[in-house]
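Letters A, B, ... mirror the listed sequences (proteins, then strands); counts begin at 1. Please read all numbers here as calculations on a predicted model, not as lab measurements. No hydrogens, no waters, no symmetry mates; every other heavy atom, side chains included, goes into these values.
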There are 2 protein chains.
Amino acid sequence: MDKKKDISMAVIKRLPKYYRHLAELLRNDVDRVSSKELSEKIGFTASQIRQDFNCFGGFGQQGYGYNVKELYNEISTILGLDKRYSTIIIGAGNIGQAVANYTRFEKFGFDLNGIFDVNPKLIGMKMKDIEISDIDTMDEFLKNNKTDIGIICVPHTVAQRVADTLVANGVKGIWNFAPIDIHVPENVSIENVHLSESLLTLVYLMNDLDK
Amino acid sequence: MDKKKDISMAVIKRLPKYYRHLAELLRNDVDRVSSKELSEKIGFTASQIRQDFNCFGGFGQQGYGYNVKELYNEISTILGLDKRYSTIIIGAGNIGQAVANYTRFEKFGFDLNGIFDVNPKLIGMKMKDIEISDIDTMDEFLKNNKTDIGIICVPHTVAQRVADTLVANGVKGIWNFAPIDIHVPENVSIENVHLSESLLTLVYLMNDLDK
DNA sequence: TAGATTGTTAATCGATTAACAATC
DNA sequence: TAGATTGTTAATCGATTAACAATC
């Protein structure tokens, strides 16, 4: 595990893509794959693919390539998908609802154990068999239920405050959908989904092509 | 405009962040800002910020810094936010609904003009004053209504087919929420929001910190 | 004018690609 | 064995950072 020291963010961001494509190969009953074949499928160079895998130790075999099942399992473990994660959603608005209903996550091993909101109209309602609770009860919930990941779907004005509460209660991962840069201590991980930044990038690219 | 030639993707991806932070300064009635101040606020180095802005021509003034209003307008234009864009959503499930209700986009100048789905239960219902139409009518809709951006919120199995139809009807930008790599011609821009890849990155980072 | 800060060039750093020996 | 393909080192490319002259 010490090998895993300073993997660059560029490599890390490619891992889920490998995982997805390997899962597809596996579904199609493909046994082996070479870096060249993967390259054609994913769009990274074969050289880069081999470099990436070698950050974590060699999974391949000269003259043969990679065993799909084995490589899939390795990457699965590297990503941490051999464990389950308890999650809560804070903010039961549009995005919170969409995330709650995104069944794909259950398959990865994520358990949704709580949903919180301030809106009295939403509190008490059920989503995915989980009752939406008053956000004022979140602190107590966290003290009684070990929670790995907090999914922030509240307006940007309160997002940092929510994050602070999560961190104070030992949550170690924050998946942030609020359009703001949230600050957390070094021992907490954060991943942002900034939808508007994504859309603005698209618009720039569209206009750039017109030139 | 020729200056805008080969801006690297790294720079492009930072533009929306500049835009957001400048909008905030503007709201707070800040007149001027130096690259050093911006650096402390955004988290990029002052040097990088100056390099980035100089890709598009110098907007600053030695000894003074940058005029916030002016810089904001420049970046707004660079991003293409001086125009309006007509959009449609394909797939009125969880994510499609969330996007449709994400009011932030209207403010940027995006008009939602159509929503399409295959589900007979959804067809005819209204979201944001827009009736959900049968996806079979999309082709005709596109022929009669100039559409800039297609927002793909359908399952991954049909995403490429939807994209093909969009492209065939002159749509020049695709915002893809389906967990798949969509292929489009060179004159079409695509921006992916791969939620599961984002979540898997988060999990990797969480486990990495445990080491 | 003196101080501040940009615009821009040069230096450094990191990531990607190419090449090839090792070896299955 | 011969052919294929990895693992790994070296070369290249690109992006970030540092430095400083220009100038407001």
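Put simply, the side chain of Ser8(A) and the base of dA15(C) share no donor and acceptor less than 3.5 Å apart. Between the side chain of Gln51(A) and the base of dT9(D), a donor-acceptor pair under 3.5 Å is found.
The phosphate of dT5(C) (OP1 or OP2) has no side-chain N or O of Ser35(B) nearer than 4.0 angstrom. Between dA22(C) and Gln62(A), no contact under 4.0 Å exists linking OP1 or OP2 to a side-chain N or O.
Mapping Gly63(A) and Ser47(A) onto DNA chain D by nearest heavy atom places Gly63(A) closer to the 5' end of the strand. Comparing Tyr64(B) and Tyr64(A), the nucleotide of DNA chain C nearest to each residue sits closer to the 5' end for Tyr64(B).
Partner of Tyr66(B) under the ring pair (Phe, Tyr, Trp, His ring centres under 6.0 Å) criterion, out of Tyr72(B), Phe59(B), Phe53(B): Phe53(B) alone. Residue Asp117(A) is tested with Ile135(A), Ile89(A), Ile90(A), Leu122(A) for a side-chain contact (heavy atoms from CB on, under 4.5 Å); the sole match is Leu122(A).
Spacing between atom CZ of Arg32(A) and atom P of dA4(D) amounts to 11 Å, rounded to whole angstrom units. Whole-Å rounding puts the Asn54(B) CG to dT6(C) C1' distance at 8 Å. Straight-line distance from the CD atom of Gln61(B) to the P atom of dG7(C): 9 Å, rounded to whole Å. Protein atom NZ of Lys36(B) is 11 Å distant from nucleotide atom C1' of dA4(C), rounded to whole Å. Rounded to whole angstrom, the span from the CZ atom of Arg50(B) across to the P atom of dA19(D) amounts to 12 Å. At whole-Å resolution of the value, NZ in Lys13(B) and P in dT16(D) are 14 Å apart. Taking atom CG of residue Leu38(A) and atom C1' of nucleotide dG7(D), one finds them 16 Å apart after rounding to whole Å. Put simply, CD1 on Ile7(B) is 13 Å from C1' on dA15(D), counting in whole angstrom units.
Within the 4.0 angstrom heavy-atom criterion, only backbone atoms of the sugar-phosphate kind lie near Thr45(B); the bases stay farther away. Backbone-only contact: Tyr66(B) has heavy atoms under 4.0 Å from sugar-phosphate atoms and none from a base. If you check every strand for non-hydrogen atoms under 4.0 Å, Phe59(A) touches sugar and phosphate atoms only.
Checked against the 6.0 Å centroid criterion, the rings of Trp175(B) and Phe110(B) do not qualify as a close aromatic pair. Centroid-to-centroid, the aromatic rings of Phe44(A) and Tyr18(A) come within less than 6.0 Å. Residues Phe108(B) and Tyr85(B) keep their aromatic ring centres 6.0 Å or farther apart.
At distances below 3.5 Å, not a single donor-acceptor pair connects side-chain atoms of Glu70(B) with backbone N or O atoms of Asn67(B). Without hydrogens or angle criteria, Asn28(B) side chain to Val30(B) main chain gives no donor-acceptor distance under 3.5 Å.
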Next on the checklist: Evaluate Arg161(B) against Val154(B) for side chain to side chain contact (heavy atoms under 4.5 Å, CB included), listing each step before the verdict.
Outcome noted: CA-CA 10 Å; Arg161(B) 218 180 323 144; Val154(B) 297; over 6 Å; no
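Applying the Watson-Crick and G-U wobble criteria (two distances, each under 3.5 Å), dC24(C) pairs with dG3(D). Nucleotide dT17(D) forms a Watson-Crick or G-U wobble pair with dA10(C), both donor-acceptor distances falling under 3.5 Å.
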Please list, pair by pair, any protein nitrogen or oxygen found under 3.5 Å from a nitrogen or oxygen in nucleotides 11-13 of chain C.
none

